[in-house]
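Below: one structure, written as structure tokens.
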Amino acid sequence: MSGVWVFNKKGVVRLVEVPGAEPSSRRKVLVHVPTNEVVTSYEMLERKLAPLGWERYHCNPDLVQFHQRSSVHLISLPRDFSRLTSVHMYDVVVKSRNVFEVRDA
């Protein structure tokens with residue numbers, strides 16, 4: 001199902017389907033731009049984030065988290081890498097500008 005979310009004046013949301021639109025359920029991948037590598041594990045992501053000042057944060061056992069001492073940013077990801085969604089990927093992209101991209105698989 002693809003389309004546009006529409007809000008009315010009462011704040012109620014509904015999805016209006018757009019004919020001919022591509023499905024949004026297409027699989028996405030997180031790409032490390034400088035090397036053009038697809039991130040395939042948290043170990044690989046940690047290796048790419050470390051030079052940018054990101055450190056593993058071991059506070060919550062249900063999440064994999066990274067933080068920067070120089071900022072208030074925190075990246076929180078599901079413990080299981082296979083449950084990583086495009087929302088999680090965009091969180092990485094926004095918090096480490098020009099280093100990662102989300103692309104169609």
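Predicted model only: the values in this text are computed from it and were never measured. Throughout, residue positions are numbered sequentially from 1 according to the sequence presented.
- Surrounding CG of Asn98 are at most 12 heavy atoms belonging to other residues, nucleotides or ligands under 6.0 Å away.
- If you take CG on Asp91 and CZ on Phe66, they are separated by 11.5 Å, rounding to the nearest 0.5 Å.
- The side-chain heavy atoms of Tyr42 and Leu45, taken from C-beta on, include a pair separated by under 4.5 Å.
- In the hydrophobic clustering of ILVMFWY residues, with side-chain heavy atoms under 4.5 Å counting as a link, Val38 and Tyr90 come out apart.
- Rounding to the nearest 0.5 Å places CZ of Phe100 at 8.0 Å from NZ of Lys48.
- Between Ala105 and Val29, the shortest heavy-atom distance links the atoms CB-CG1, 3.9 Å.
- Counting only distance, with no hydrogens or angles, the side chain of Ser41 and the backbone of Met44 share a donor-acceptor pair below 3.5 Å.
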**OP:** Please report the C-alpha distance between Gln68 and Glu55 in whole Å, then the side-chain angles of each, then the deciding distance to 0.1 Å, and finally whether the side-chain contact (heavy atoms from CB on, under 4.5 Å) criterion is met.
**Re:** CA-CA 6 Å; Gln68 282 183 317; Glu55 300 174 351; over 6 Å; no

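- Aromatic ring pairs are classed by plane angle as parallel below 30°, tilted from 30° to 60° and perpendicular above 60°; the pair His73 and Trp54 is tilted.
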**OP:** Take Phe81 and Leu84 through the side-chain contact (heavy atoms from CB on, under 4.5 Å) test and state the conclusion after the steps.
**Re:** CA-CA 5 Å; Phe81 187 81; Leu84 194 70; 3.7 Å; yes

Subject >> Leu30 vs Val93, side-chain contact (heavy atoms from CB on, under 4.5 Å): CA-CA, chis, key distance, verdict >> reply: CA-CA 8 Å; Leu30 182 64; Val93 169; 4.0 Å; yes

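- Proximity of Pro78 to Val64: side-chain heavy atoms (C-beta onward) are nowhere separated by under 4.5 Å.
- To the nearest 0.5 Å, atoms CG (Asp62) and OG (Ser76) are separated by 11.5 Å.
- Between Arg79 and Leu63, the closest heavy-atom pair is NH2-O, 3.1 Å.
- Between the CG atom in Leu49 and the CD1 atom in Ile75 there is a gap of 5.5 Å [rounded to 0.5 Å].
- Expressed to the nearest 0.5 Å, how far CG of Leu74 lies from CG of Asn60 amounts to 9.5 Å.
- Qualifying ring-ring contact (aromatic ring centres under 6.0 Å, His included) partners for Tyr57, counting only residues two or more places apart in sequence or in other chains: His67.
- At a threshold of 4.5 Å between non-hydrogen side-chain atoms, the residues Val31 and Asn36 count as touching.
- Note: His32 NE2 to Glu101 CD = 11.0 Å, rounded to the nearest 0.5 Å.
- Lys28 and Met89 get closest at one heavy-atom pair: O-CE, 3.4 Å.
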